[in-house]
Every structure is written in C-alpha cells, then in structure tokens.
Amino acid sequence: MGTIGAVGAVVGLLCAGLLRWLPLRGRAEHLPAAGVAAVRGGSGAALAVVVVELHLAGVLDVDRFGRLKRVVHGSPGRDGTPLHRAARSAFGRALSRSDAAVAPAVRRANEEVRVDLVARGLRCGRVRLAAAGLTALAAAVLALVAAAQGAAPAGVPVAVLALGVLLAPVRTLAGRRLLRDLRRDHPLPGAAGTRPGPEEAGLLTALYGRRALRRLLPDFAAAAGLLGGRAARETVARSGGGPYEGSDAVL
C-alpha cells in the first residue's frame, strides 16, 4: 500500500505542477513595467513602479511625513495605463503608498493588471491556483501516509515538493522566462546614484525591486516608504474615515 500511495502522490504532484506553472510561453507584447512588476511581486510591486515613474516624470513628490502627493502642474508622463491614472487620482491628496493601494480606483486598476497577466499566460489564475493548491495538498497527505506505511524514501521528498508547490510564487513558467530574459537584457547599473529615464528606471524597479530603488533612488525610496517599514502616516487606514471607505468613487 505504501508504494501505491507514493505513486499516487507523485501523479498528484505532477498534476499540481502542470496546473500551477503552465504555460511555458506567454505573451509579453506591449507589457508595461507595472505589469512586469506584478509578475514578479504582485500588486504592491506594480504600484511601487508606478510611484517611481510618476515621481521621475515630475508628477509625484514626497512630503516630510513620507506621504506622496501629486504635483499640481506635473505632466502625466508618457505611460497612460489605468493604474497610472488611478494612482495620479488617488495622490490628489497626501497619502502613503499603502493607503493609496486600498483606494477603489487603484484596486480596480490592479485587478485589471492581474486579469491581463492571466490572459497572457504570465500568472496563474485564481481557479487554477486553487485547483493546484488542493491537488498539491492531497499529494502531500498521500505521500505522508505512504511514508508512514513504509515508503519513506519516496513519500517524504514528494511531500516536501508538494508543499513547495503550495508556497511557490503565482507566476507561471512563462512569467519566470519573461523575468529572466528581461534581467539579462536590462542588468542593474553598478554605480550608485545612476539616474536613468523614467521608463528605464521603472523597468529596473519592476525587475529588481528594492535592490534597484537602493541603487537608483535611495533618498526618495526611503522617504516614501518603498524600502519597507512604516515611513508614512497611514492617513486613511488609521483615521477611521476618508473618501475610500464604503465608496467606489473614482478619485
């Protein structure tokens, strides 16, 4: 019984992997830097890229509390994605990035980015993600049962791999390939303080996250709370009020 259970666990693990990581190739044509960031790190990474691009385009600045605010006469920049427009609207008042992330317009725009990445095959959709998780969990349980019945050399590794599937990033193999290829073509500059244009800085931030911010925009990133920690006052989430709560109005 232990051997049969181990074989069943391996089959379940393979099925979970196929659900979780296919396709091998996706569509990356005209994918903006915020989309690349969402492949790597989700909606928070995408919004961080938008903040960087709008700041370098002269649209956003940070105040002494670490809150971001739109510059009145700032240019909207060349990138007119829905997430950029939603962020510009949200930052019409001084907000931390985490507060802006819960604005209905920003949340809807991030959802559009997620749906687009799923359609491109760069990110695992919610249904497939749930199916892969349940299959991996069943495979792990079956493998542990098989290990208890005498097939430990096969059951334990399969259980560990199945748990790895559960904890893996949501990007597909096509998404992994996209990040690998873009990192090869756009290495992180070696000199601290290098200031590429908004588009290149946005792409580098999308690909390397905080490593790029520390290299390209250390002062702004630290002041705006983009390097982690709570550098800004949470003006909406902590106040119990504000225009976002219970409202779907586009700001």
Side-chain angles (χ1 to χ4, degrees), residues 13-53 56 78-79 81-84 109-133 135-136 157-158 160-218 221 226-228:
L13 177 62
L14 291 175
C15 291
L18 291 175
L19 286 169
R20 185 65 184 73
W21 285 304
L22 288 181
L24 296 174
R25 294 186 180 275
R27 296 182 293 105
E29 298 82 5
H30 308 296
L31 184 66
V36 175
V39 173
R40 178 185 59 82
S43 60
L47 184 57
V49 167
V50 168
V51 166
V52 166
E53 290 179 330
L56 291 179
R78 295 177 58 186
D79 196 333
T81 69
L83 185 53
H84 284 77
N110 268 321
E111 178 63 13
E112 290 181 22
V113 173
R114 187 194 68 81
V115 171
D116 178 56
L117 294 178
V118 171
R120 290 172 177 267
L122 301 174
R123 181 184 171 108
C124 187
R126 288 174 178 168
V127 174
R128 284 182 55 192
L129 191 62
T135 305
V158 171
V160 172
L161 291 173
L163 293 177
V165 172
L166 289 172
L167 299 175
V170 296
R171 54 182 171 267
T172 62
L173 289 175
R176 292 170 59 90
R177 182 192 298 269
L178 171 69
L179 295 178
R180 182 196 64 197
D181 292 346
L182 287 175
R183 284 170 178 156
R184 181 191 62 217
D185 296 336
H186 300 272
L188 191 61
T194 303
R195 292 291 297 269
E199 291 184 0
E200 181 67 13
L203 182 56
L204 290 173
T205 302
L207 292 172
Y208 300 101
R210 292 176 183 175
R211 288 174 54 202
L213 291 173
R214 292 189 184 98
R215 189 71 55 83
L216 304 176
L217 296 165
L226 299 179
L227 298 180

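Bear in mind the structure is a predicted one, so any value in this text is a computation, not a measurement.
Atoms CD and CG, from E200 and L216 in turn, are 9.0 Å apart once rounded to the nearest 0.5 Å. Here the CZ atom belonging to R128 is positioned 9.0 Å from the CG atom belonging to L18, to the nearest 0.5 angstrom. Between the CG atom in L188 and the CZ atom in R215 there is a gap of 4.5 Å [rounded to 0.5 Å].
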**OP:** Apply side chain to side chain contact (heavy atoms under 4.5 Å, CB included) to L207 and R40, showing your working.
**Re:** CA-CA 7 Å; L207 292 172; R40 178 185 59 82; 5.7 Å; no

Original post:
Under the side chain to side chain contact (heavy atoms under 4.5 Å, CB included) criterion, do L31 and L178 qualify, and how do the steps go?
Top reply: CA-CA 11 Å; L31 184 66; L178 171 69; 3.7 Å; yes

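Counting only heavy atoms from C-beta outward, the side chains of V165 and W21 approach each other to under 4.5 Å. Side-chain contact between P23 and L173: absent, with no pair of heavy atoms (C-beta onward) separated by less than 4.5 Å. L56 has its side chain within reach of L217: a pair of non-hydrogen atoms, C-beta onward, lies under 4.5 Å apart. Under the 4.5 Å side-chain criterion, counting only non-hydrogen atoms from C-beta, V49 is in contact with E53. For the pair S43/V113, no side-chain contact is recorded, criterion being any heavy-atom separation below 4.5 Å from C-beta on.
Annotation: salt bridge (Lys or Arg N to Asp or Glu O under 4.0 Å) contacts involving residues 161-189, sequence neighbours excluded, comprise D181-R184.
In plain terms, the two heavy atoms of A162 and A136 that are nearest each other are CB-O, 3.3 Å. Smallest separation of non-hydrogen atoms from L166 and G133: CD2-O, 3.2 Å. Listed here is the closest heavy atom pair of T172 and L22: CG2-O, 3.5 Å. Counting all heavy atoms, side chain and backbone alike, A34 lies closest to A46 at O-CB, 3.4 Å. The heavy-atom pair separating L129 from C124 by the smallest distance is N-SG, 3.5 Å. Between A174 and G26, the shortest heavy-atom contact is CB-N, 3.2 Å.
Using modelled atom types, no side-chain atom of R123 and backbone atom of G42 make a donor-acceptor pair closer than 3.5 Å.
With sequence neighbours left out, the salt bridge (charged side-chain N to carboxylate O under 4.0 Å, His left out) criterion links R120 to D116.
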